[in-house]
Amino acid sequence: MWRCPKCRRQFANRNQSHACGCGYTLASHFAGKPKRVRAIFDKLLSVAKRSGPVIVLPEKTRIAFQVRMSFAAFVIRQNWIDGHVVLARRLENPRFRRIETFSPRNHLHAFRFGSLEEIDDEVGAWFAEAYRVGEQRHLN
């Protein structure tokens with residue numbers, strides 16, 4: 001793992017390109033937002049942690065979940081959370097708002113959650129698969 005000398009964030013690749021920044025907090029992302037939006041985020045984090053330890057990285061415009069690499073990220077909106085998971089395969093599902101393919105083993109699957117009830121076992125399976133991508137197990 002390589003650590004950025006400026007922001008101290010760890011990356012799987014040396015000199016990884018990133019928006020280097022310090023001082024961003026979860027509190028700043030949730031300032032002025034309804035408590036139910038924070039509850040959605042907390043449930044997503046809980047689901048992610050079922051697979052193992054998760055590093056939570058508040059950044060300027062998003063909050064990322066990382067193991068070895070980032071495997072999920074979220075933009076906090078006034079009444080919902082926009083997010084994505086990174087999977088090693090393209091998974092067609094009407095719950096995804098879009099899918100972006102970057103390489104044969106790198107597919108971003110975007111979603112939007114506006115209620116706790118939307119976060120179910122299916123979402124848990126996406127996060128478990130994305131967690132393994134974050135560990136880079138899909139490269140073996």
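Everything quoted here is computed from the prediction, not taken from an experiment.
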Requested in this report: Would you check if Ile81 and Val37 make a side-chain contact, meaning some heavy-atom pair closer than 4.5 Å?
Outcome: yes
Report summary line: Between the CG atom in Leu57 and the CD1 atom in Ile63, the distance rounded to the nearest 0.5 Å is 10.0 Å
Report task. Output the rest of the hydrophobic cluster of Val133: all Ile, Leu, Val, Met, Phe, Trp and Tyr residues reachable through side-chain heavy-atom contacts under 4.5 Å, sorted by chain and number. Result -> Val86
Report summary line: Nearest heavy-atom approach of Thr25 to Pro58 is C-CB, 3.7 Å
Query raised in the report: Heavy-atom distance under 4.5 Å between the side chains of Val54 and Tyr131, does that happen here?
Result: yes
Query - Gap between atom CD1 of Ile40 and atom NZ of Lys33 - 0.5 Å precision - result: 12.5 Å
Query raised in the report: Listed by chain and number, what are the side chain to side chain donor-acceptor pair (under 3.5 Å) partners of Asn93, not counting sequence neighbours?
Result: Glu122
**Report entry** Approximate separation, where rounding is to 0.5 Å, of Ser70 OG and Arg62 CZ
**Finding:** 5.5 Å
Report summary line: Sorted by chain and residue number, the side chain to side chain donor-acceptor pair (under 3.5 Å) partners of Trp80 (sequence neighbours excluded) come out as Asp82
Report summary line: Applying side chain to side chain contact (heavy atoms under 4.5 Å, CB included) to Glu129 and not counting sequence neighbours gives Leu87, Arg89, Arg132
Requested in this report: Tell me, please, which residues at least two apart from Asp42 pass side chain to side chain donor-acceptor pair (under 3.5 Å).
Outcome: Arg38
Query raised in the report: Which residues pass the side chain to side chain donor-acceptor pair (under 3.5 Å) test with His107, sequence neighbours left out?
Result: Thr101
**Report entry** All ring-ring contact (aromatic ring centres under 6.0 Å, His included) counterparts of Phe127, not counting sequence neighbours
**Finding:** none
Query raised in the report: Taking only residues two or more places apart in sequence, or in another chain, which ones meet Ala39 in a side chain to side chain contact (heavy atoms under 4.5 Å, CB included)?
Result: Leu116
Requested in this report: Check Lys60 against His29 and note the closest heavy-atom contact, atom names and distance.
Outcome: O-CE1, 3.9 Å
Query raised in the report: Looking at Gly114 and Arg36, what are the two nearest heavy atoms and their distance?
Result: O-NH1, 3.1 Å
Requested in this report: Taking side chain to side chain contact (heavy atoms under 4.5 Å, CB included) as the test, write out the residues that go with Ser103, two or more places apart.
Outcome: Asn106
Query raised in the report: Closest heavy-atom contact between Gly124 and Val47?
Result: CA-CG1, 3.5 Å
Query - For the student: nearest non-hydrogen atoms of Arg90 and Ile99, plus distance - result: NH1-CG2, 3.4 Å
Query raised in the report: Taking the six-membered ring for Trp, are Phe96 and Trp126 ring centroids under 6.0 Å apart?
Result: yes
Query - Contacts of type ring-ring contact (aromatic ring centres under 6.0 Å, His included), residue His84, not counting sequence neighbours - result: none
**Report entry** Aromatic contact, Phe65 with Phe74 (centres under 6.0 Å)
**Finding:** yes
**Report entry** Residue list, ring-ring contact (aromatic ring centres under 6.0 Å, His included) with Phe113, at least two apart or on another chain
**Finding:** Phe111
**Report entry** Glu118: salt bridge (charged side-chain N to carboxylate O under 4.0 Å, His left out) partners, not counting sequence neighbours
**Finding:** none
Query raised in the report: Are side-chain heavy atoms of Gln78 and Pro34 found at a separation under 4.5 Å?
Result: yes
Report summary line: Note: Arg98 and Glu100 closest approach over all heavy atoms is NE-OE2, 2.6 Å
